[in-house]
Amino acid sequence: MALDKPYQDIPGTTIFDAEQSRKGYWLNQFCTSLMKAENRARFKADERAYLDEWPMTEAQKAAVLARDLNACMAQGGNIYFLARIGATDGLSFQQMAGSMTGMSEQKYRHMMVSGGRSIEGNRYLGEDGDAQPHRQPQGQAGHTKD
Amino acid sequence: MALDKPYQDIPGTTIFDAEQSRKGYWLNQFCTSLMKAENRARFKADERAYLDEWPMTEAQKAAVLARDLNACMAQGGNIYFLARIGATDGLSFQQMAGSMTGMSEQKYRHMMVSGGRSIEGNRYLGEDGDAQPHRQPQGQAGHTKD
Amino acid sequence: MARITASVYTSHVPAIGVAMDLQKTGEDYWKPLFAGYDFSRRWLRDNRPDVIFLVYNDHATAFSLDLIPTFALGTGAQFNPADEGWGARPVPVVQGHPELASHIAQSVIQQDFDLTLVNRMDVDHGLTVPLSLMCGEQDPVHGAWPCPVIPFHVNVVQYPVPSGQRCFQLGQAIRRAVESFDEDLNVQIWGTGGMSHQLQGARAGLINREWDNAWLDQMIADPAACAATPHIDYVREAGSEGIELVMWLIARGAMSDVAGSGRPPRVAHRFYHVPASNTAVGHLILENA
Amino acid sequence: MARITASVYTSHVPAIGVAMDLQKTGEDYWKPLFAGYDFSRRWLRDNRPDVIFLVYNDHATAFSLDLIPTFALGTGAQFNPADEGWGARPVPVVQGHPELASHIAQSVIQQDFDLTLVNRMDVDHGLTVPLSLMCGEQDPVHGAWPCPVIPFHVNVVQYPVPSGQRCFQLGQAIRRAVESFDEDLNVQIWGTGGMSHQLQGARAGLINREWDNAWLDQMIADPAACAATPHIDYVREAGSEGIELVMWLIARGAMSDVAGSGRPPRVAHRFYHVPASNTAVGHLILENA
Ligand SMILES: [Fe+3]
Ligand SMILES: [Fe+3]
């Protein structure tokens, strides 16, 4: 499609545009359903069975079961919808956001009180900031990827 | 309010603007509720009791009970909403529209197949067309108003 | 690239749907009306589009007073015929075109039209009656509309409704949006509603044949001038529900002459009939020349 | 006649609401943040408006993907605090101002903004956190917000969102609408959201203090230039959720200097703090000079 998507050269960032929205429609609708207490209870009682009520892809269901928010985003999820899963689990927005960086909860929180993630090196893909693909997962320096 | 309402000089015509919409909010919401079969059944079983569930004015309730669509419009009703009452009663749009003119169903239908109501004399209040206030109710020429 | 090849205009009176659904089209009352669409059904078979962008208004069906969008674009995968109080019409489910619809949404919002996007809504007679008129009877289960349909709703129920000018500009924006879609699609744009009718008050039953036809002449030949018609003229001359005609200007604005092709559209068909129930029925097919 | 006397700008982070609702405002983490609003609470008591026009965005709370309005104006009589998944915030119900809201709707639609009007919706932290920040803790039953509030929602969740330019022009249209209301009302317009933050992906936690403050400088001094900032700059420099800042341009566009008064607004208060949860908090009070 000929419309401009100038936002594809930003590292570690997915823009929830019409295409993502179409891809993630049922995933996000599932998330919205968790705003009702009775649905949260049913989901918690049997996550797989509850997910199977929705016409989601297997990859979307797996991402939800694994609480892998990056995978959820790749499958069309949007953070404000996905936050309903976190709320069901009793997580804060900071815990959810941090979970996508590969950093520990402590390290992420410490980064924030220290002024947040620096923009330097994180504006364009191909620079050398900590959000660049070649530096993922973060907070693992010196460790082998597992 | 200083906004222009240029449509107030047309005879026999109510424009459903923001002010009418505010006035008729609950009346029209009541009408919308009749789109569900179970609500139509409850309304038919006891119209007054069903109406009393809504924060409508007494004048609105009376207008509905009397099926006086002109009075409903004066109280903020809009024809597309009010049509739900007609549908509940098994009426067509032609029967509903005709009921507001004071003409018999036959006469109204005959007017329509003969080309409809003429615009002549019905553009501005104060002309002498058949929709003018001084010629209401229509179809009663030579009769005393009852 | 996708392109808009033709525009179709027609009134969308509920009673027409009832007449088709109850097999009354052969009755004397209805015969002359349906005769006016004989050509159109052949034309649509011969000029079958890949997608129809269908401009209509919801009549307090999908949208109550809880929420009133000025413009709502259906980006969903399908839309069910609505129960308007007499039961849902026995017609096929409407299949959407989410890819093209989302593309148009993106382009038109970036052209400063403040659309509401809708993925779930039922569609009322405003959308299904034009389809029935143009396609003929379709079995609700075994039949199907000829192609995907993108529903586009315009508020003409609660004032203020968008101006004719705004609608005409929106049509131009939609054309630009369609033409920037990579896939090679033949798109028709349909404008529905009107012509003169009034469903309320002592003036109910108003029909203004002269005004309707003069408006049609101007809409075909000089749409920019037609778009300047103020609301009050529609209400005064064509009745309180005649305001629906602003929707035709969206379809007209999407034709290539408006974008500067220099060639006025070809009038493939024109029809006018009084009455269908309370309404004057107008119908046009314009092809880009 | 009604008039807009001042504009207030503030971030609307959910964690701030949680801190107030759980009486954590005295903790070391939160103290410096709330200290930045001490002046503002006194100022609001001394400059109590008759109505607040509050620009915010719903966060997938009242509006799911079923229906996505670009601009939604709350014309209802009241709006309940929403349950966003952790239970509804214990704050008072928001009283609307249907008369003024309907008037603004009519005027702004006639100025070619394609609003969606909403009579029934729950309002989330985007609306209630700014009220809490500016008014302090309020008992949900015995307390009350200081005046009626007209909620105005802007889509900044699904792209494309309206441009900064469109938002700035909308603010100007809102000012004209307010000034054509006959009743003598003191109206404040609040813009909320921002500043730099990103809640997703490997870049989550992004804060750009320099960019935020340069943006604030320009928004105060040269709002027309600020309004020309393209979306991509917000996303790249201020994080994917930094795009919320376009809402501030609606409030800024409603100030009298933009309408040609010639006098720049007086900066009654300016505050910036990092972090509240994932977010840089910005806050401004501008009075018409
Ligand atoms: Fe219609
Ligand atoms: Fe926000």
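So you know, we letter chains A, B, ... as the sequences are listed, proteins then strands, and number each from 1. Side chains included, hydrogens not; waters and symmetry mates left out as well; all remaining heavy atoms used.
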> Can you say whether B/Arg40 sits under 4.5 Å from chain C via the side chain, the backbone, both, or neither, judging by heavy atoms?
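Just the side chain, heavy atoms under 4.5 Å.
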> With side chain to side chain contact (heavy atoms under 4.5 Å, CB included) as the test, would you mind laying out the steps for C/Asp66 and B/Tyr25 before giving the verdict?
CA-CA 9 Å; C/Asp66 282 346; B/Tyr25 182 70; 3.2 Å; yes
> Can you tell me if C/Arg270 has over 12 outside heavy atoms packed within less than 6.0 Å of its CZ?
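Yes.
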> Between B/Ser21, B/Ser114, B/Ala18, which residue shows the highest count of heavy-atom pairs closer than 4.5 Å to chain C?
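Highest number of pairs under 4.5 Å: B/Ser21.
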> Of the listed residues (C/Val13, C/Val18, C/Val157, C/Ile68), which shares the most heavy-atom pairs with chain B below a 4.5 Å separation?
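Looking at each of C/Val13, C/Val18, C/Val157, C/Ile68 in turn, C/Val157 comes out on top.
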> Relative to chain B, which of C/Ala82, C/Gly85, C/Pro275, C/Gly205 shows the most heavy atom pairs under 4.5 Å?
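Most pairs with chain B among the choices: C/Gly205.
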> I need the B/Phe81 CZ to C/Ser64 OG distance, nearest 0.5 Å.
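B/Phe81 atom CZ to C/Ser64 atom OG measures 6.0 Å (nearest 0.5 Å).
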> Quick one: what part of B/Ser118 sits under 4.5 Å from any heavy atom of chain C, side chain, backbone, both or neither?
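Backbone only.
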> Could you walk me through whether C/Arg203 and B/Asp130 pass the salt bridge (charged side-chain N to carboxylate O under 4.0 Å, His left out) test, one step at a time?
CA-CA 8 Å; C/Arg203 211 170 69 133; B/Asp130 52 8; over 6 Å; no
> Is B/Thr14 close to chain C through its backbone or its side chain, or both, or neither, when contacts mean heavy atoms under 4.5 Å?
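Both parts, backbone and side chain.
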> So for B/Ile85, is it side chain, backbone, both, or neither that comes closer than 4.5 Å to the heavy atoms of chain C?
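Neither part, no heavy atoms under 4.5 Å.
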> Working to the nearest 0.5 angstrom, can you tell me the gap between B/Leu82 CG and C/Leu199 CG?
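Going from CG on B/Leu82 over to CG on C/Leu199, the span is 11.5 Å.
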> What part of C/Glu210 gets closer than 4.5 Å to chain B, counting heavy atoms only: side chain, backbone, both or neither?
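Neither; nothing under 4.5 Å.
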> Measure distances from C/Arg209 to the heavy atoms of chain B and classify the residue's part below 4.5 Å as side chain, backbone, both or neither.
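Neither the backbone nor the side chain of C/Arg209 comes within 4.5 Å of chain B.
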> For each of B/Met96, B/Arg117, B/Arg135, B/Gln132, tally heavy-atom pairs with chain C at distances under 4.5 Å, and name the one with the top tally.
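The candidate making the most pairs under 4.5 Å is B/Arg117.
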> B/Gln138 side chain to C/Ala202 main-chain N or O, any donor-acceptor pair under 3.5 Å?
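Checking the backbone N and O of C/Ala202 against the side chain of B/Gln138, a donor-acceptor pair under 3.5 Å is found.
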> So do the side chains of C/Ser277 and B/Met112 get within less than 4.5 Å of each other, counting heavy atoms only?
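Sidechains of B/Met112 and C/Ser277: no contact.
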> What I'd like to find out is whether the side chain of B/Arg109 reaches to under 4.5 Å of the side chain of C/Tyr29, using heavy atoms alone.
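Answer yes - side chains close enough.
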> Between C/Gln198 and B/Gly12 (side chain of the first, backbone of the second, donor and acceptor by atom type, cut-off under 3.5 Å), is there such a pair?
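It does hold such a pair.
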> Hey, could you give me the NE2/CZ distance between C/His125 and B/Phe93, rounded to the nearest 0.5 Å?
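If I round to the nearest 0.5 Å, the distance is 6.5 Å.
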> Which residues from residues 70-77 of chain B are near chain C, with near meaning under 4.5 Å between non-hydrogen atoms?
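Answer by number: B/Asn70, B/Met73.
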> Quick one: what part of B/Ile119 sits under 4.5 Å from any heavy atom of chain C, side chain, backbone, both or neither?
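Both backbone and side chain.
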> Please find the pair of heavy atoms, one from B/Ala83 and one from C/Trp86, that lie closest to each other, and give the distance.
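Residues B/Ala83 and C/Trp86, closest heavy atoms: O-CH2, 4.3 Å.
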> Would you mind checking which part of C/Asp83 comes under 4.5 Å of any heavy atom in chain B, side chain (CB onward), backbone (N, CA, C, O), both or neither?
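Both backbone and side chain.
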> With side chains defined as the heavy atoms from C-beta onward, is the minimum distance between B/Thr32 and C/Leu65 less than 4.5 Å?
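Contact flag for B/Thr32/C/Leu65 side chains = no.
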> Can you check whether B/Asp17 reaches C/Pro160 side chain to side chain, under 4.5 Å on heavy atoms?
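B/Asp17 vs C/Pro160: side chains apart.
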> Whether the C/Gln200 and B/Thr13 side chains hold a donor-acceptor pair (N or O, under 3.5 Å, no angle test) is what I'd like checked.
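Short answer, no.
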> Side chain, backbone, both or neither: which part of B/Met35 has a heavy atom under 4.5 Å from chain C?
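Both backbone and side chain of B/Met35 come within 4.5 Å of chain C.
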> Which label fits B/Tyr80 and C/His59: parallel for a plane angle under 30°, tilted from 30 to 60°, or perpendicular past 60°?
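Rings of B/Tyr80 and C/His59: perpendicular, over 60°.
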> Side-chain contact test, heavy atoms from C-beta onward, threshold under 4.5 Å: evaluate it for C/His231 versus B/Tyr7 and give yes or no.
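No, every pair of side-chain atoms sits at 4.5 Å or beyond.
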> Measure C/Thr61 against the heavy atoms of chain B and call it side chain, backbone, both or neither at under 4.5 Å.
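When you check distances to chain B, atoms from both the backbone and side chain of C/Thr61 fall under 4.5 Å.
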> Just wondering, do C/Asn208 and B/Arg123 contact through their side chains at under 4.5 Å, heavy atoms?
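When only atoms from C-beta onward are counted, C/Asn208 and B/Arg123 do touch, with a gap below 4.5 Å.
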> Who among C/Val274, C/Thr279, C/Ile232, C/Ile243 has the most heavy-atom pairs with chain B under 4.5 Å?
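Most heavy-atom pairs within the cutoff with chain B belong to C/Ile232.
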> Check whether B/Arg84 gets within reach of chain C through its side chain, its backbone, both or neither, counting any heavy atom under 4.5 Å.
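It is the side chain, since no backbone atom gets that close.
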> Would you call B/Tyr108 and C/Asn278 a side-chain contact if the rule is heavy atoms closer than 4.5 Å?
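B/Tyr108 reaches C/Asn278 side chain to side chain.
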